[in-house]
Amino acid sequence: MPIAITRPVSDSLVRCELTHLARTPIDVERARAQHGAYERALAGLGCRIERLPAEHELPDAVFVEDTAIVLDELALIARPGAPSRRPEVPSAAEALARYRDLVHVEAPGTLDGGDVLRVGRTIYVGLSLRSNRAVVDQMADLLSPLGYAVLGVAVTGCLHLKSAVTQVAPETLLIQREWVAARQFGGMALIDVDPGEPYAANALLIGDSVIYAAAYPRTQARLEAHGIDVHAVDVSELAKAEGAVTCCSLILNDGAIGG
Ligand code: CIR
């Protein structure tokens, strides 16, 4: 059974980091209700939810994806590009240590988990405002011996690589070509976001289904036309904090060390 590590929405969410969006009022109670529905969607797809302790003084702590990369062989503990987010990392590392050996990103490397897209044995790392070339080199050194190819990918106009491209089926990516160059994903089938839904490229693949923001019905219809099973959730309040569906969990494909 997959494990989904999550963290409650912080009381201070309204003070979140923002890069591409203007600050607008966030209803924290509504964000909590949406986050609860998101956790129920994960549970409905067979995940066991493991909640990290709340970190109410850390506004972005709900976005646990950014604290680590979990592979079958190990967990790479991130060093988030925004210094305000680095205190989120130790509690996530403590939880992951129960399931995986840990390795750590070292300075000057910076990495947000939202910049990492793994497709089979290829790991794409977004070169964004948060993740840098130094971390690509570190990840290549760490992960090449395990049989992974690590590729840096330029990202412009959005926060993270996974704002621009995510996996939605074994050989299929959902992509926003304005923010990332499609040619780097040769060999994969590509589904474009609807032109009227520029933020629609973030989907969370769990087994054969995707959890997906309800805000993008036209792109959802494109996914469904490709036979993809879509579970839509309303994450509108989290989106005001520049969060999306992948950001709110760390998925472990099973619980066992070396599994
Ligand atoms: C931030 O700017 O760091 C948060 N407000 C949003 C992080 C979203 N995380 C993600 O897409 N992986």
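The shown structure was predicted, so the numbers you read here are calculated from the model rather than taken from an experiment. For ligands, and for the atoms within them, numbers begin at 1 and follow the listed sequence.
Within the 4.0 Å heavy-atom criterion, the part of Glu65 lying near ligand 1 is the side chain and not the backbone. Only the side chain of Arg130 comes within 4.0 Å of ligand 1, judged by heavy-atom distances.
Of the charged side-chain nitrogens involved, at least one lies within less than 4.0 Å of a carboxylate oxygen, so that Arg121 and Glu73 count as a salt-bridged pair. Between Lys162 and Glu65 there is a salt bridge, since at least one side-chain N of the basic residue sits less than 4.0 Å from a carboxylate O of the acidic one. Salt-bridge annotation for Arg30 and Asp234: present, with a side-chain N of the basic residue lying under 4.0 Å from a carboxylate O of the acidic one.
Protein heavy atom in closest approach to atom 4 (C) of ligand 1: Asp60 OD1, 3.1 Å. Closest to atom 6 (C) of ligand 1, if we only count protein heavy atoms, is Ala241 O, 3.3 Å. Ranking the protein heavy atoms by distance from atom 10 (C) of ligand 1 puts Cys247 SG, 2.9 Å first. In this structure, the protein non-hydrogen atom closest to atom 9 (N) of ligand 1 is Asp66 OD2, 2.8 Å. Of the protein's non-hydrogen atoms, the one nearest atom 8 (C) of ligand 1 is Glu242 O, 3.3 Å.
Counting only N and O atoms by type, the side chains of Ser84 and Glu17 include a donor and acceptor under 3.5 Å apart. Side chain to side chain, Tyr38 and Thr6 fail the donor-acceptor criterion of an N or O pair below 3.5 Å.
Of all the atoms in ligand 1, the ones that sit under 4.0 Å from a non-hydrogen atom of His160 are 9 (N), 10 (C), 11 (O), 12 (N).
Considering each of Glu17, Arg85, His20, the one bringing a non-hydrogen atom nearest atom 7 (C) of ligand 1 is Arg85.
Counting heavy atoms from C-beta outward, Leu151 and Thr122 have side chains that approach closer than 4.5 Å.
Remark: of the listed residues Glu55, Glu242, Arg85, Arg85 is the sole one forming a side chain to side chain contact (heavy atoms under 4.5 Å, CB included) with Asp60.
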